[in-house]
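Beneath this line is the structure, given in structure tokens, with notes to follow.
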Protein chains: 2
Amino acid sequence: MNPHAGSPGPTQPAGAGRAEANPARVTRADVAALAGVSTAVVSYTLNDGPKNVAPATRARVLEAVRTLGYRPNATARALRLGSTGQVGLVVATVGNPYFGELTDQVEHAAGARGLALLVRTGGDVAEAIERLAARQVDGMLIARPMDARGAAAANASGVPVVLINAATAPEGVASVGVDRYGGARVAVTHLIEHGHERVAFIGDTAGNRQRGWADALAAAGLAEGPLASQSYSREGGYRAARQLLTEPERPTAVFVASDEQAVGALLAFHEAGVAVPEEIAMVAFDGSAASAYTWPPLSAVTQPMEQMVQRALDLLTSAAPEQPVPVELLVPDLVRRRSCGC
Amino acid sequence: MNPHAGSPGPTQPAGAGRAEANPARVTRADVAALAGVSTAVVSYTLNDGPKNVAPATRARVLEAVRTLGYRPNATARALRLGSTGQVGLVVATVGNPYFGELTDQVEHAAGARGLALLVRTGGDVAEAIERLAARQVDGMLIARPMDARGAAAANASGVPVVLINAATAPEGVASVGVDRYGGARVAVTHLIEHGHERVAFIGDTAGNRQRGWADALAAAGLAEGPLASQSYSREGGYRAARQLLTEPERPTAVFVASDEQAVGALLAFHEAGVAVPEEIAMVAFDGSAASAYTWPPLSAVTQPMEQMVQRALDLLTSAAPEQPVPVELLVPDLVRRRSCGC
DNA sequence: CTGAAAGCGCTTACAG
DNA sequence: CTGAAAGCGCTTACAG
């Protein structure tokens with residue numbers, strides 16, 4: 001049994017039983033005792049350093065670990081090392097498939113680096129950052145729009161923070177994102193190449209996608225089509241599409257700022273009996289898995305999500321924080337499916 | 001500065017600077033020194049116990065906390081308390097909207113109880129459980145099918161485990177789920193009430209939903225329609241629907257075992273020019289947010305997800321593990337939208 | 001190659 | 001009402 005069973009901690013559960021029954025209660029002292037070595041040697045063995053261990057000793061330690069079912073206590077290790085091996089992810093919701101996919105990618109990439117993922121959804125960004133910092137995460141990824149309070153919380157947290165796919169990065173916060181302007185231009189230019197002259201936009205005003213849309217039209221000598229600005233959700237896309245259908249001169253194509261809005265827009269068009277792409281062609285921005293299973297399948301400017309996540313983790317775990325704070329933009333690809341008329 | 005700046009840990013960063021700059025390096029000893037009290041009193045103040053603190057003293061401590069920007073170290077607290085205040089969630093993918101929603105709910109409910117959420121996606125269940133246990137989580141929720149190795153890992157982990165929405169619970173593992181049999185019966189009965197006599201099933205063989213489907217048909221004196229078994233994904237639903245369309249006597253209705261499969265099936269029907277619900281009516285199982293934005297909107301047997309999550313956390317955090325291990329079933333509701341013909 | 005010991009930042013039983 | 005001190009389970013500089 002654990003020789004340290006002392007005063008603190010919850011009282012020992014009544015029933016006896018083999019120590020093996022609960023690996024959480026076996027400590028390195030138990031292992032050391034069974035192997036007939038010091039606790040230091042147990043550490044050296046398990047961590048492959050910083051000292052060498054004689055092969056025979058090592059074998060005895062490993063044997064003791066096995067028979068006791070010993071599992072190192074990550075909390076104690078974290079306290080001693082000053083590093084938890086945990087990273088935080090702040091996201092509005094993972095119910096949205098785009099963020100769900102992003103979360104999967106982050107978990108996978110973090111896991112490959114030996115890091116565990118603490119997820120915070122909903123609520124206030126600043127509060128999420130503070131809570132995560134209080135948990136001693138080694139760094140955090142923020143996949144949400146950041147207000148001034150969020151930025152202040154990030155800077156005050158003393159924890160490395162990287163914004164992921166943000167529209168704008170507040171002063172002093174590192175960021176890796178997508179070239180929305182360039183992606184939008186590619187999408188709209190593609191629609192123009194299909195022969196469209198009245199190309200609408202569903203998305204928010206004054207963003208980079210809106211600028212890309214406008215500039216692509218201008219470059220082709222076309223007038224700006226109507227713009228419908230609603231929330232970034234299916235519901236918002238639905239409402240925006242209905243709004244577009246009331247236009248006196250109905251657009252023949254739409255560039256939609258997100259997959260989710262596109263799904264909502266598709267519903268509105270279906271309901272109204274407007275065929276996609278025959279009567280209205282469509283290209284979306286994002287390209288999450290959702291976009292391949294709509295009807296018709298969505299053509300989309302697809303974010304290089306994996307690359308984005310890897311870069312973000314690189315920035316987070318890079319030893320020396322770079323100066324000036326890096327703001328990186330990756331270039332998205334156009335995936336042609338059916339909604340554009342291809 | 002921190003009076004404990006000793007040998008271990010990463011070397012102190014070169015540049016000097018105010019202690020306030022990095023709250024992570026301020027310890028309770030700094031606070032105690034500034035407030036002119038012992039570290040115990042800082043704890044009593046911050047934790048509201050276990051001892052009372054004189055109002056004036058308390059004010060001084062709080063003031064010191066504020067000026068130093070002190071934030072308690074959760075890792076140290078966890079080590080001392082033997083409890084991290086973290087729960088784990090094991091899920092195959094959060095990219096799937098159903099699991100994304102579930103994850104949102106779990107995070108929200110856990111947060112309300114002061115627990116942080118560690119998420120593991122993908123890979124092997126048993127490994128996910130071991131990794132989470134190694135992180136000293138206070139408990140974990142598993143939202144994945146569990147094989148024997150997973151069950152063994154769960155039992156060996158020494159950590160409370162609750163299966164959430166599992167088809168079957170292995171021996172000795174607590175579980176809270178949905179009455180799939182009952183839900184399926186409700187769905188199929190509804191389709192029968194719409195006048196359908198040839199009702200197909202997309203889902204897996206020998207599950208409770210399949211049994212509910214078969215029994216509902218039998219109860220109405222109808223023969224079993226065709227069954228198409230494919231994976232639980234959009235792709236699987238797509239393939240299953242295409243399979244159904246090759247039937248000599250095409251069914252006039254389908255009960256689909258999951259939203260995701262239903263989305264894929266919808267795509268297959270659209271491609272084939274088969275109108276839903278006119279030519280094939282459809283009711284799905286799950287009722288995640290995804291189902292409201294398909295075309296036509298999906299009628300679905302909807303899981304009481306929030307209730308499920310709350311119960312699961314209750315079981316996880318209940319002081320005394322109950323014997324026998326609880327296996328709870330909640331009853332789902334039928335949400336009528338358009339795909340059923342309503 | 002191995003071990004004794006200090007210390008990471010907390011909490012709390014014990015004593016005043 | 002307040003404080004000195006032990007101890008949670010690790011890691012590692014230091015000494016042998």
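Naming convention: chains lettered A, B, ... in sequence-line order (proteins, then strands); numbering from 1 in each chain. Source: prediction; values computed, not measured.
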Would you mind reading off the distance between [X] atom [atom1] and [N] atom [atom2], rounded to a whole angstrom?
{"X": "A/R71", "N": "D/dG9", "atom1": "CZ", "atom2": "P", "value": "13 Å"}
{"X": "B/L46", "N": "C/dT11", "atom1": "CG", "atom2": "P", "value": "8 Å"}
{"X": "B/R135", "N": "D/dG9", "atom1": "CZ", "atom2": "P", "value": "18 Å"}
{"X": "A/L79", "N": "D/dC10", "atom1": "CG", "atom2": "P", "value": "12 Å"}
{"X": "B/N47", "N": "C/dG9", "atom1": "CG", "atom2": "C1'", "value": "13 Å"}

Strictly distance-based, threshold 3.5 Å: is any side-chain N or O of A/D138 a donor or acceptor partner for the main-chain N or O of A/S83? no
Pair [X] + [Y], salt bridge at N-O below 4.0 Å:
{"X": "A/R58", "Y": "A/D48", "result": "yes"}
{"X": "B/D314", "Y": "B/R113", "result": "yes"}
{"X": "B/R60", "Y": "B/E63", "result": "no"}
{"X": "A/D124", "Y": "A/R131", "result": "no"}

Once side chain to side chain contact (heavy atoms under 4.5 Å, CB included) is applied, do any residues pair with B/A64, and if so which ones, sequence neighbours excluded? B/V31, B/L34, B/A35
Closest nucleotide among C/dT12, D/dT12, D/dC10 to the A/L81 side chain: D/dT12
Nearest to side-chain heavy atoms of B/R28, which nucleotide of C/dC10, C/dT12, D/dC10: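 Among the listed nucleotides, the one closest to the side chain of B/R28 is C/dC10.
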Measure the CG-CG distance between B/L141 and B/L163 for me, rounded to the nearest 0.5 Å.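 So the gap between those two atoms works out to 9.0 Å.
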Calculate, to the nearest 0.5 Å, the distance between atoms CG and CZ belonging to B/L118 and B/R135 respectively. 7.0 Å
Using a distance-only test with no angle check, is there a side-chain donor-acceptor pair under 3.5 angstrom linking B/Q86 and B/Q136? no
Any [X] side-chain nitrogen or oxygen under 4.0 Å from OP1 or OP2 of [N]:
{"X": "A/N73", "N": "D/dC8", "answer": "no"}
{"X": "B/T27", "N": "C/dG9", "answer": "no"}
{"X": "A/R77", "N": "D/dT11", "answer": "yes"}

Bracket notation of DNA chain D in which parentheses pair within the strand, [ ] cross earlier pairs, and | pairs with another strand (Watson-Crick or G-U, under 3.5 Å): |||.||||||||.|||
Taking only nitrogen or oxygen atoms into account, show me every contact under 3.5 Å that the protein makes with nucleotides 2-5 of chain D, one pair per line with its distance.
from: D/dT2; atom 1: OP1; to: B/T57; atom 2: OG1; distance (Å): 2.3
from: D/dT2; atom 1: OP2; to: B/A54; atom 2: N; distance (Å): 2.8
from: D/dG3; atom 1: OP2; to: B/S38; atom 2: N; distance (Å): 2.9
from: D/dG3; atom 1: OP2; to: B/S38; atom 2: OG; distance (Å): 3.3
from: D/dG3; atom 1: O6; to: B/Y44; atom 2: OH; distance (Å): 2.9

Taking the C1' atom of each, how far is D/dG16 from D/dT12, in whole Å?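 Here D/dG16 and D/dT12 have their C1' atoms 16 Å from each other.
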